[in-house]
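The structure under discussion appears below in the form of structure tokens.
Position 1 is the first residue of the sequence, and the numbers go up from there.
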Amino acid sequence: MFSFTNVLHIIIIFQGVLLALYILVSNTRKSKSDLFLAFIIGTMAIQVLGLFMANRGVASDFFQSINCIYGFLYGPLLLYYNKHMVQRHFAITVKDALHLIPFLIFCIGLIASNGSICRPEVFIGYAVHILFYILLCLRELRRHKRVMKDSYSGLEWLNLNWLHWVFVVFCLIVLVDIGQFIAFLAGINTYYLENTVFLLMMLAINLLYFHGFTTSRKPFGYNKDDLEFSASLTSRKRIDMELEENIKLISQLEKYMMENEPFKKFDLTIAMLADEIGIPKRRLSELINDHYAQNFVDFINTYRIDSAKKKLMNPVDSRETILEVLYAVGFNSKSSFNTAFKTKTGLTPSQFKARHR
């Protein structure tokens with residue numbers, strides 16, 4: 001007879017295998033991030049399949065003996081996937097491949113010890129290992145956001161919040177698993193903690209697929225030049241905005257923004273704007289950061305929102321929709337526009353429009 005735990009096992013196995021296979025066969029021009037996405041989801045399904053088989057009494061010694069090694073695989077897979085999402089041309093190097101050494105060591109140890117390597121101290125090592133990699137992934141996400149804000153104007157290119165929540169869910173899986181381990185050692189019933197782990201695994205699979213697979217269709221991350229440019233900005237000294245030369249450059253910048261409205265290009269970058277105005281890219285970024293106390297994306301979106309407010313308050317055509325307005329001022333998605341508009345005004349575009357009718 002199947003228990004609730006077995007039902008969760010079946011759902012995870014069926015969904016995980018199905019989604020992993022779909023990712024692998026759905027597109028002949030798959031990105032590398034798709035492959036790692038499929039590997040992560042497939043690995044979770046295979047691990048749960050082993051637990052299901054062990055619970056049903058099928059080769060239980062074998063499946064229980066290999067269960068601990070999965071923990072040493074998730075960390076590197078998550079890191080590789082994360083790097084493929086945030087870096088435009090990421091390729092695994094020999095240095096990156098070294099992250100797999102703990103997994104390979106425990107695979108060899110598993111064979112050498114005839115399956116007896118999965119001991120309590122190994123479980124502690126697995127927990128520390130995966131939490132360490134989650135921290136690395138969260139650091140990569142923070143770097144991505146900072147680098148993109150310094151060079152690009154598209155808010156939708158920054159939106160990897162869903163990936164942040166994936167790492168939070170994996171962290172919860174590990175923490176609940178630790179609680180389950182402690183409860184087991186203390187002789188406390190682990191039924192609810194065990195099922196919580198499987199429910200969190202289901203959540204992680206769905207977050208990865210329904211957000212990750214869609215996002216990978218239009219990947220956009222930073223490149224090496226973007227990273228070096230952003231790093232140079234964080235290590236510099238503040239420029240003197242009282243200098244006559246800097247005052248003239250700010251005046252030149254504001255005049256160009258008002259007369260030419262470059263912010264209406266949804267894919268505007270600081271390199272493009274610097275070329276158009278004739279100011280070196282780094283100097284332009286320093287002026288924006290130190291005079292306006294804003295990064296590039298905030299600077300551009302200030303102009304976009306001001307333009308949108310004027311259109312909503314004084315529409316040329318009363319039939320013009322909010323969707324038409326957001327595209328006209330340089331946004332490329334409704335969610336990005338709504339987020340930026342509310343941040344700047346405290347109101348949604350619909351609320352602002354209704355208030356100024």
Any donor-acceptor pair under 3.5 Å linking the side-chain atoms of [Y] with those of [X]?
| X | Y | answer |
| --- | --- | --- |
| Glu194 | Thr5 | no |
| Gln15 | Asn206 | yes |
| Asn289 | Arg238 | no |
| Thr93 | Asp96 | yes |
| Ser153 | Arg304 | yes |
| His99 | Tyr133 | yes |

Side chain to side chain contact (heavy atoms under 4.5 Å, CB included) against Ala274, all qualifying residues, sequence neighbours excluded
Lys281, Leu284

Let me confirm one number: the [atom1]-[atom2] distance from [X] to [Y], rounded to the nearest 0.5 Å.
| X | Y | atom1 | atom2 | result |
| --- | --- | --- | --- | --- |
| Asn6 | Phe198 | CG | CZ | 9.0 Å |
| Gln47 | His9 | CD | NE2 | 9.5 Å |
| Asn301 | Lys344 | CG | NZ | 6.5 Å |
| Met241 | Leu249 | CE | CG | 8.0 Å |
| Met148 | Ser230 | CE | OG | 11.0 Å |
| Arg142 | Leu138 | CZ | CG | 6.5 Å |

Of the non-hydrogen atoms in [X] and [Y], which two are nearest, and what is the gap between them?
| X | Y | result |
| --- | --- | --- |
| Gln294 | Thr302 | NE2-OG1, 3.1 Å |
| Glu140 | Gln87 | OE1-NE2, 3.6 Å |
| Val122 | Ile117 | CG2-O, 3.0 Å |
| Leu312 | Lys353 | CD2-CD, 4.2 Å |
| Ile69 | Phe103 | O-CD1, 3.5 Å |
| Met44 | Met201 | CE-O, 3.6 Å |

Measure from the side-chain N and O atoms of [X] to the backbone N and O of [Y], and report whether any donor-acceptor pair falls under 3.5 Å.
| X | Y | answer |
| --- | --- | --- |
| Ser60 | Gly57 | no |
| Asn82 | Cys137 | yes |
| Thr190 | Leu193 | no |
| Thr43 | Phe39 | yes |
| Asn260 | Pro262 | no |

Run the side chain to side chain contact (heavy atoms under 4.5 Å, CB included) check on Lys265 and Glu276 step by step: do they pass?
CA-CA 13 Å; Lys265 302 171 187 174; Glu276 291 174 12; 2.5 Å; yes

Atom [atom1] of [X]: over 12 foreign heavy atoms under 6.0 Å:
| X | atom1 | value |
| --- | --- | --- |
| Arg236 | CZ | yes |
| Lys342 | NZ | no |
| Tyr292 | OH | yes |
| Phe184 | CZ | no |

Counterpart residues, disulfide (SG to SG under 2.5 Å), relative to Cys171 (two or more places apart)
none

Quick one: which of Tyr74, Tyr80, Tyr81 gives a ring pair (Phe, Tyr, Trp, His ring centres under 6.0 Å) with Phe36?
Tyr80

Should the ring pair Tyr22 and Phe213 be called parallel, tilted or perpendicular, given that the plane angle runs from 0 to 90° and is split at 30 and 60?
perpendicular

Min side-chain heavy-atom separation [X]-[Y] under 4.5 Å:
| X | Y | answer |
| --- | --- | --- |
| Val86 | Arg143 | no |
| Ile300 | Met257 | yes |
| Phe4 | Tyr191 | yes |
| Phe52 | Val58 | no |
| Arg283 | Asn246 | yes |
| Tyr222 | Ser151 | no |
| Phe341 | Val329 | no |
| Thr345 | Gln351 | no |

Among the clusters formed by ILVMFWY side chains lying less than 4.5 Å apart, do [X] and [Y] turn up in the same one?
| X | Y | answer |
| --- | --- | --- |
| Leu227 | Leu79 | no |
| Leu273 | Val297 | no |
| Leu136 | Leu172 | no |
| Leu73 | Ile12 | yes |
| Val128 | Val176 | no |

Considering residues at least two apart in sequence or located in another chain, which fulfil the salt bridge (Lys or Arg N to Asp or Glu O under 4.0 Å) criterion with Glu259?
none

Do Tyr126 and Phe123 make the cut of ring centroids closer than 6.0 angstrom?
yes

Could you go through His144 and Leu163, starting from their C-alpha distance and side-chain angles, then the distance that decides it, and tell me whether this counts as side chain to side chain contact (heavy atoms under 4.5 Å, CB included)?
CA-CA 12 Å; His144 169 265; Leu163 192 51; over 6 Å; no

Please list all pairs meeting salt bridge (Lys or Arg N to Asp or Glu O under 4.0 Å) that have one or both residues in residues 15-25, counting only residues at least two apart or in different chains.
none

Restricting to pairs with a member in residues 220-232, which pass salt bridge (Lys or Arg N to Asp or Glu O under 4.0 Å), not counting sequence neighbours?
Arg88-Asp226

So if I apply the side chain to side chain contact (heavy atoms under 4.5 Å, CB included) rule between Leu21 and each of Leu19, Ile23, Leu18, Val17, which one comes out positive?
Val17

Output every pair passing side-chain hydrogen bond (donor to acceptor under 3.5 Å, both in side chains) with a member in residues 104-122, not counting sequence neighbours, ordered by first then second residue.
none

Do Met258 and Tyr303 pass the side chain to side chain contact (heavy atoms under 4.5 Å, CB included) test, and can you show the C-alpha distance, the side-chain angles, and the key distance before you say yes or no?
CA-CA 9 Å; Met258 295 302 294; Tyr303 279 91; 3.8 Å; yes

Can Asn67 and Cys118 be said to form a side chain to side chain contact (heavy atoms under 4.5 Å, CB included), step by step?
CA-CA 8 Å; Asn67 188 52; Cys118 289; 5.8 Å; no

